[in-house]
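Right, one structure below, let's go through it.
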Amino acid sequence: VQLQAFGGGLVQAGDSLKLSCTVSGRTIRTDAMGWFRQAPGKEREFIAAISWSGGNIYYADSVKGRFTISRDNAKNTISLQMYSLKPEDTAVYYCASTRTKLGFTDDAYAYWGQGTQVTVSS
């Protein structure tokens with residue numbers, strides 16, 4: 001199973017950016033999916049998660065109202081649309097999947113992508 005996150009880049013504060021994550025090697029139809037991020041010198045933190053059906057979606061308070069997670073099971077892909085980006089959103093963003101119950105911590109997810117860098121300048 002391979003997850004590949006892409007779409008990161010250097011943007012200015014207030015800009016938008018869309019990250020995507022494609023999964024190969026298995027279908028994500030029954031997987032809960034999540035996005036995490038890790039800023040320099042900090043631990044990896046939960047950003048957003050979506051259940052296998054898309055019926056349950058959760059966000060960290062720090063991104064609620066600015067980020068939107070979505071999934072396309074037919075394309076084996078999830079996305080993270082980010083609006084009103086702030087310098088504190090600068091981090092490496094990771095996608096992850098789990099066959100078990102959706103979670104908000106690292107250990108809830110079995111498969112991880114390699115990360116994509118998002119840098120927001122002020």
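Using a 4.5 Å heavy-atom threshold, the side chains of K75 and S20 count as separate.
The hydrophobic cluster containing V63 also contains V11, counting ILVMFWY residues as joined when their side-chain heavy atoms lie under 4.5 angstrom apart, directly or transitively.
For T105, the side chain to side chain donor-acceptor pair (under 3.5 Å) criterion is met by D107, not counting sequence neighbours. Residues passing the side chain to side chain donor-acceptor pair (under 3.5 Å) test with N73 are R71, sequence neighbours excluded. Not counting sequence neighbours, the partners of W112 by the ring pair (Phe, Tyr, Trp, His ring centres under 6.0 Å) test are F36. Taking F104 as the reference, F46, Y58 meet the ring pair (Phe, Tyr, Trp, His ring centres under 6.0 Å) condition, with sequence neighbours excluded.
Nearest approach of M33 to S97, heavy atoms of both residues: SD-CB, 3.2 Å. Heavy atoms only, all atoms of each residue included: V120 and D89 are closest at CG2-CB, 4.3 Å. Between Q114 and Y94, the closest heavy-atom pair is O-CE2, 3.5 Å. Closest approach of L19 and T116 over heavy atoms only: CD2-CG2, 4.0 Å.
Under the 3.5 Å distance criterion, with hydrogens and angles disregarded, no donor-acceptor pair is assigned to the side chains of S79 and Q81. Side-chain N/O atoms of R66 and Y83 include no donor and acceptor closer than 3.5 Å.
The disulfide (SG to SG under 2.5 Å) analysis of residues 31-117, with sequence neighbours excluded, yields the pairs C21-C95. Each side chain to side chain donor-acceptor pair (under 3.5 Å) pair with one or both residues in residues 3-19, not counting sequence neighbours, would appear here, but there are none.
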